[in-house]
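As the structure is a prediction and not an experimental result, all values here were calculated from the model.
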Amino acid sequence: MHFITVKGILSAQNGMNLYRGCTHGCIYCDSRSKCYQMDHVFEDVAVKENALVLLENKLRSKKEKGMIAMGSMCDPYMDLEKSLQYTRRALEIIEKYGFGITLITKSDMVLRDLDILKRINKKTKCVIQMTLTTYDEELCKILEPDVCSTKSRLNALKTLAKENIPTIVWLCPILPFINDTKDNIEGILNYCIEAKAKGILCFGMGLTLREGNREYFYEQLDKHFPKLKEKYIKTYGNRYVLNSLKNDELMKIFKTKCDENKIMSGPQAIFKYLKEFDKKENIQLNLFE
């Protein structure tokens, strides 16, 4: 971990990353790609030390309220967040100025900040997005070695649902020849139903690889799945999008299950929902009516 100073913290679309890099160790992580111009070791997380000051100044001056999005490039709940509490402090600022929040995580540490999330959701809108890739707990330890288990994430989703905080599940990536099975997809979908997820994001059964994350992914395949790298290269070459050979079958299961349980599944509709700002007015009863 090291500290850096940045010039800005919010993107034009109100996206924000307090950290740069990640320690979860997910073998497929796209954020390792060279196109993002990471100038340090990925696991040596850069902490944007002036991020909270920049965030407060920006939100104070904004004329219109809206949704703030966190976690597109790195998880806001890595282990270092336990001591730094940048994410918690950012949530306090977001609440202070009346903005909504949506964030993406793989960690049940999100429940640490349930008190603030509930207050934001009561005033405006809070949506938690959680990534689930595998129903198999042992496989989860290989694919995502330094983050909580799938079952822990499920329990977090169920807790959020009990508190009326809507959740979106990212069903991705689905790795060809590894977790692209009917049992895995049905297992995750049943978890989503159990957790009362509002929506499930799936862009197809597969993953993306490009310079930077491809090399790391193949190193991990050699380590955990001997000879599978050769099968990938033979099947996909240097493609960016690697669709599972079972894509059609698995997508049919996905769409059918979502439709049957009235779970939002269209990416366009979900992203529209995430961007929509909802200011809840306090309604006072007139006792004399």
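In this structure, the separation between CG on Asp79 and CG on Asp146 is 7.5 Å, given to the nearest 0.5 Å. The distance from the CG atom of Asn184 to the CG atom of Leu171 is 8.0 Å, given to the nearest 0.5 Å. Atom NZ of residue Lys58 and atom CG of residue Leu54 lie 9.5 Å apart, to the nearest 0.5 angstrom.
Within the cation-pi definition used here (under 6.0 Å to the ring centroid, within 45° of the axis), Lys125 does not qualify as a partner of Phe99.
In Lys275, the NZ atom is not crowded: 12 or fewer heavy atoms of neighbouring residues, nucleotides or ligands sit closer than 6.0 Å. Around atom CD of Glu215, more than 12 heavy atoms belonging to other residues, nucleotides or ligands sit under 6.0 Å away.
Salt-bridge annotation for Asp222 and Lys227: absent, with no side-chain N of the basic residue lying under 4.0 Å from a carboxylate O of the acidic one. Using a 4.0 Å cut-off between charged nitrogen and carboxylate oxygen, Glu81 and Arg112 count as a salt-bridge pair. Taking the charged nitrogens against the carboxylate oxygens, Glu186 and Lys257 have no contact shorter than 4.0 Å, which rules out a salt bridge. A salt bridge does not link Lys106 to Asp75: none of the charged side-chain nitrogens sits closer than 4.0 Å to a carboxylate oxygen.
The side-chain hydrogen bond (donor to acceptor under 3.5 Å, both in side chains) search around Glu249 returns none, not counting sequence neighbours.
Ring pair His2/His40 is perpendicular by interplanar angle, where above 60° counts as perpendicular and below 30° as parallel.
Only one option out of Leu80, Leu91, Leu55, Leu18 pairs with Tyr86 in a side chain to side chain contact (heavy atoms under 4.5 Å, CB included); it is Leu18.
Between the side chains of Tyr77 and Asp113, a donor-acceptor pair is found at a separation under 3.5 Å.
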Enumerate, atom names and distances included, each donor-acceptor pair closer than 3.5 Å involving a side-chain atom of residues 136-145, sequence neighbours excluded.
unit_1	atom_1	unit_2	atom_2	d
Asp136	OD1	Glu138	N	2.9
Asp136	OD1	Leu139	N	3.1
Glu137	OE1	Ser149	OG	3.3
Glu137	OE2	Lys151	N	3.2
Glu138	OE2	Lys141	NZ	3.4
Glu144	OE1	Arg153	NH1	3.3
Glu144	OE1	Arg153	NH2	2.7
Glu144	OE2	Tyr28	OH	2.5
Glu144	OE2	Thr133	OG1	2.7

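Counting only residues at least two apart or in different chains, side chain to side chain donor-acceptor pair (under 3.5 Å) contacts with residues 230-244 comprise Asp180-Ser244.
Between Gly21 and Val45 the shortest heavy-atom distance is C-CG2, 3.9 Å.
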